[in-house]
S.K.: 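Structure incoming, see below.
Order of appearance sets the numbers: ligands from 1, and atoms from 1 within every ligand.
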Amino acid sequence: MGLGSDMYRQQILDHYKNPRNYGELEDPDFTHVGENPSCGDTIRMQVALDDAGETIDAVRFTGDGCAISMASASMLSERLHGMSIEELDDLDTDDITEMLGVDISPMRVKCAVLGRQVAQDGSKIYRGELDPDDRTKTEE
Ligand code: FES
């Protein structure tokens with residue numbers, strides 16, 4: 001976790017210890033699991049959309065990973081609420097590091113973006129743009 005203010009470190013630890021939106025949705029529109037190949041940790045994201053199928057209504061995640069991956073997925077789950085599918089598509093690595101508020105070393109970037117990538121790939125599968133058999137692996 002490079003150099004960062006104590007406040008952001010506290011926030012990351014808090015999300016790691018008390019992950020928000022952790023668990024399962026009863027009726028998700030899509031569910032996807034992805035892995036960080038450098039450590040084998042996985043995260044599963046579930047998303048429910050509004051009736052129009054455009055806006056994210058609810059998000060749940062589960063996973064077993066390091067503090068950064070879990071905190072990042074937890075913070076992301078809060079951000080995603082109310083977002084459109086297009087806005088989810090547009091999220092990039094800078095958005096995630098900004099959200100975390102600390103410098104992320106190149107080795108830990110995969111941890112930080114795992115949840116985002118799983119959610120994005122899940123939405124692509126849902127829209128038929130990605131093969132469902134493709135297991136997400138962070139590439140950045
Ligand atoms: Fe596995 Fe971070 S060390 S996700």
Side-chain angles (χ1 to χ4, degrees):
M1 208 187 293
L3 299 169
S5 79
D6 277 353
M7 191 187 83
Y8 285 114
R9 286 165 178 270
Q10 289 298 332
Q11 197 183 20
I12 287 172
L13 270 181
D14 180 50
H15 275 265
Y16 176 54
K17 288 183 184 158
N18 309 292
R20 323 297 200 264
N21 301 308
Y22 195 89
E24 292 200 22
L25 283 177
E26 265 181 28
D27 195 15
D29 284 290
F30 58 85
T31 298
H32 190 55
V33 179
E35 173 188 325
N36 178 350
S38 55
C39 62
D41 291 338
T42 59
I43 285 182
R44 183 184 72 163
M45 302 285 290
Q46 295 188 304
V47 172
L49 301 170
D50 67 352
D51 290 343
E54 282 165 12
T55 304
I56 296 172
D57 236 8
V59 180
R60 295 285 185 280
F61 81 99
T62 55
D64 191 10
C66 64
I68 291 186
S69 68
M70 300 307 283
S72 182
S74 171
M75 288 185 196
L76 182 69
S77 74
E78 291 192 318
R79 292 269 173 117
L80 290 180
H81 191 253
M83 247 188 208
S84 69
I85 288 286
E86 284 77 25
E87 286 169 325
L88 165 60
D89 273 349
D90 288 346
L91 287 178
D92 61 17
T93 300
D94 286 346
D95 293 322
I96 300 300
T97 49
E98 233 169 74
M99 176 184 81
L100 290 168
V102 294
D103 293 333
I104 305 289
S105 69
M107 283 197 41
R108 307 306 299 279
V109 169
K110 285 182 184 173
C111 307
V113 302
L114 179 58
R116 181 212 68 192
Q117 212 147 358
V118 174
Q120 286 175 330
D121 286 354
S123 104
K124 286 185 186 144
I125 292 167
Y126 171 73
R127 288 172 292 154
E129 291 173 10
L130 193 67
D131 191 321
D133 293 335
D134 278 350
R135 206 145 173 252
T136 299
K137 294 199 173 185
T138 50
E139 278 157 15
E140 300 182 52

S.K.: Is it the case that over 12 heavy atoms from other parts of the model lie below 6.0 angstrom from the CD atom of E26?
M.R.: no

S.K.: Output the atom name for the N/O/S atom of D41 with the smallest distance to atom 1 (Fe) of ligand 1.
M.R.: OD2

S.K.: Does CG in D64 sit with more than 12 non-hydrogen atoms of other residues, nucleotides or ligands closer than 6.0 Å?
M.R.: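 No, CG of D64 has 12 or fewer neighbouring heavy atoms, counting only those of other groups under 6.0 Å.
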
S.K.: Is the distance from atom 1 (Fe) of ligand 1 to some N, O or S atom of C66 under 2.8 Å?
M.R.: no

S.K.: Which of the numbered atoms in ligand 1 are below 4.0 angstrom from a heavy atom of S69?
M.R.: 4 (S)

S.K.: Looking at N18, I'd like to know if its CG atom is crowded, meaning that more than 12 non-hydrogen atoms belonging to other residues, nucleotides or ligands lie closer than 6.0 Å.
M.R.: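 Buried by this count: over 12 neighbours within 6.0 Å.
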
S.K.: What atoms of ligand 1 come closer than 4.0 angstrom to any heavy atom of C39?
M.R.: 1 (Fe), 3 (S), 4 (S)

S.K.: For L25, is there any backbone N or O sitting under 3.5 Å from a side-chain donor or acceptor partner on Q46?
M.R.: yes

S.K.: Kindly compute the distance separating CG (D57) from CG (D29), expressed to the nearest 0.5 Å.
M.R.: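 So the gap between those two atoms works out to 9.0 Å.
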
S.K.: Show me which atoms of ligand 1 lie under 4.0 Å from any heavy atom of N36.
M.R.: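 Heavy-atom distances to N36 below 4.0 Å select 4 (S).
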
